[in-house]
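First up is the structure itself, then whatever we jot down about it.
Letters A, B, ... are given to chains in the order of the sequence lines, protein chains preceding strands, and every chain is numbered from 1. No experiment lies behind these values; they were computed from the predicted model shown.
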2 protein chains.
Amino acid sequence: MTKPNARAKPSHRVPKPEAGYHHGELQEALIAASEAILAEQGAEGFTLREAARRAGVSPAAPSHHFGNAQGLLTEVAIRGYEALAGALRDAASRRQGAREKLHAQGMAYVEFALKHPGRFQMMFANKRLVADDARLAQASRAAGHEFEIIIAELVGGTAKEAKTAAAAAWSTVHGFAKLALEGKFGPLGSEAGYREIMTTLDRVLNYLWPASSARR
Amino acid sequence: MTKPNARAKPSHRVPKPEAGYHHGELQEALIAASEAILAEQGAEGFTLREAARRAGVSPAAPSHHFGNAQGLLTEVAIRGYEALAGALRDAASRRQGAREKLHAQGMAYVEFALKHPGRFQMMFANKRLVADDARLAQASRAAGHEFEIIIAELVGGTAKEAKTAAAAAWSTVHGFAKLALEGKFGPLGSEAGYREIMTTLDRVLNYLWPASSARR
DNA sequence: GATCGATCTAAACAGTGTTAAGATAGATAA
DNA sequence: TTATCTATCTTAACACTGTTTAGATCGATC
């Protein structure tokens, strides 16, 4: 306010009510803004400046809290992995029997990816994150662990076999999700398209992990 | 050369021998430059200006041939799909029996991804490509078709079952490749890491597509 | 040999992430 | 209270990016 010539634009310096100026809520505001951008524009649409804009601060402000854009996105990715782990745990808890639990987890994994494509893509965009961040690695492992718990129950064999089966399960649902997001299994926009893709996934999971009595 | 004050930097305006000035080889030079960048820096490291720089032209030159960066990358992706399809065909042709062929294709798919990570990631980065390009869609379908040929031979069932099995196979190897590239199956840098990952893949494929006599 | 169309350059524009230096405000201590 | 300190945020700049417009240049065609 020391400058005499006030700019015409009233956009800048608008301490949003919820953001609070100088009150330590900026981290949360930036994370929320980033998640909103990812939800609206996808992973490629994220920019640090836009996140700062939405939080009502200057482009340089985020650096004091997250170092750089990778730091902020790493925090977003960590929360994404936590949400994914929760969804997987939730899906398994609603079913009885290891095979049913695994099937439900697979569906939940792809459902998460399709409903939060921006966050999901960012979670696996290592080059945009602080790849060696300990908390990120931990969150990722925790999500993978949700698979391993059920797999161990299902396979019951050696540790090596369980590791192989877990890699197989994760690969399948991750690959399906990625290919679906790139439109390789049909259009995504409509609700009908979404349901058709989930039906295809259901068949894929039944094909690869048939009921114990079934054969192929 | 009309300007009197020549810049100190001799970098600009160097019509590379192979690029040829005004001789119609610029498309190829730009594609080659782009592939080199992808090989060196990965998909996130690509910039249109750097590709133009390597081809010895101004930043605006590519637009006359490819419209924009997406156009150039689309051309690169098409060639990538063609190379991938060739690798899959090649792998299958060296084996006898549908299961062996499918296994070899899976290995070849991941091998392609790990040896050309930049190209591979770009091939599946729809938002950086002209997503509705007919030739791109065709090239992608042709690569997927290599899987379907073997799957049809292996499954032998209805068309729907073959479609399901093909989606399953593609998802598995694609997911494995993506997760491996993000370091989820261990470090990638060394030759030892590469071999360990391929061994894991071998086990995964044997687990999901066991020899017809085996059970699990 | 002049015209013409394809090809490329120069220059500018609106963006981007990041950094350095300085202003500001809340907390702490006298 | 007043003064100092520290965290927080802004301003301004820098080197980039992709894209566009207008103009220069070259090879081929009439």
Side-chain angles (χ1 to χ4, degrees), chain A residues 1-7 9-16 19-30 33-34 37 41 43-74 76 122 125 127-130, chain B residues 1-7 9-16 19-30 33-34 37 41 43-74 76 122 125 127-130:
Chain A
M1 305 305 176
T2 56
K3 285 195 173 184
N5 56 340
R7 290 276 185 80
K9 286 184 181 178
S11 71
H12 236 316
R13 190 64 183 78
V14 183
K16 290 188 179 177
Y21 182 83
H22 225 266
H23 281 77
E25 300 173 17
L26 184 52
Q27 286 100 326
E28 289 304 318
L30 285 169
S34 301
I37 296 170
Q41 322 259 19
E44 318 283 337
F46 171 86
T47 70
L48 183 62
R49 286 178 106 102
E50 173 65 14
R53 230 171 274 139
R54 294 192 184 207
V57 295
S58 81
S63 75
H64 298 281
H65 293 277
F66 300 100
N68 54 21
Q70 293 191 349
L72 171 54
L73 289 173
T74 298
V76 171
M122 193 62 83
K127 293 206 175 159
R128 304 193 64 180
L129 310 177
V130 182
Chain B
M1 306 304 176
T2 56
K3 285 196 173 183
N5 56 340
R7 290 274 185 82
K9 287 183 181 177
S11 70
H12 236 319
R13 191 61 185 81
V14 183
K16 290 188 180 177
Y21 182 83
H22 225 264
H23 281 77
E25 300 173 18
L26 184 51
Q27 285 100 326
E28 289 305 319
L30 285 169
S34 301
I37 296 169
Q41 321 259 20
E44 318 283 335
F46 171 86
T47 70
L48 183 61
R49 287 178 107 102
E50 173 66 15
R53 231 171 274 139
R54 294 192 184 208
V57 294
S58 81
S63 75
H64 298 283
H65 294 276
F66 299 100
N68 52 22
Q70 292 191 348
L72 171 53
L73 289 174
T74 298
V76 171
M122 193 61 83
K127 292 207 174 159
R128 306 193 63 178
L129 310 176
V130 182

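The residue among A:Gln70 and B:Ala60 whose nearest nucleotide of DNA chain C lies closer to the 5′ end is B:Ala60. If you find the closest nucleotide of DNA chain C to A:Gly67 and to A:Glu50, the one lying nearer the 5' end belongs to A:Glu50.
Here the nucleotide nearest the side chain of B:Asn68, chosen from C:dT9, C:dT18, D:dT19, is D:dT19. For B:Ala69, taking side-chain heavy atoms from C-beta onward, the closest of the listed nucleotides C:dT16, D:dT19, C:dT18 is D:dT19. In this structure, the nucleotide among D:dC9, D:dT17, D:dT21 sitting nearest to the side chain of B:Arg49 is D:dT17. Nearest nucleotide to the A:Leu48 side chain, out of C:dG17, C:dT19, C:dC8: C:dG17.
At least one donor-acceptor pair closer than 3.5 Å links the side chain of A:Arg128 to the backbone N or O of A:Ala43. A distance-only check finds a donor-acceptor pair linking the side chain of B:Thr74 to the backbone of B:Val130 [under 3.5 Å].
Atom CZ in B:Arg53 sits roughly 12 Å away from atom C1' in D:dG18 (whole-Å rounding). Nucleotide D:dT8 holds its C1' atom 10 Å from the CD atom of A:Gln27, rounded to whole Å. The distance between atom CG of A:Leu73 and atom C1' of C:dT18, rounded to the nearest whole Å, is 15 Å. One interatomic measurement links the two molecules: CD of A:Gln41 to C1' of C:dT16, which rounds to 15 Å at whole-angstrom precision. Across the protein-nucleic acid pair, A:Glu44 atom CD and D:dG18 atom P stand 14 Å apart, rounded to whole Å. One interatomic measurement links the two molecules: CZ of B:Phe46 to P of D:dC16, which rounds to 17 Å at whole-angstrom precision. Rounding to whole angstrom units, CZ of residue A:Phe66 and C1' of D:dA7 are separated by 15 Å.
For A:Arg128, no side-chain nitrogen or oxygen approaches OP1 or OP2 of C:dG17 to under 4.0 Å. Applying the 4.0 Å criterion to OP1 and OP2 of C:dT16, one finds that A:Thr47 has a side-chain N or O inside that range. The side chain of B:His65 contributes an N or O atom lying less than 4.0 Å from OP1 or OP2 of C:dC8. Note on B:His64: every side-chain N or O is 4.0 Å or more away from OP1 and OP2 of C:dT9.
Nearest heavy atoms, A:Leu26 versus A:Ala55: CD1-CB, 4.0 Å.
Note: A:Arg49 CZ to A:Ser58 OG = 9.0 Å, rounded to the nearest 0.5 Å. Expressed to the nearest 0.5 Å, how far CG of B:Leu48 lies from CD of B:Gln70 amounts to 11.0 Å.
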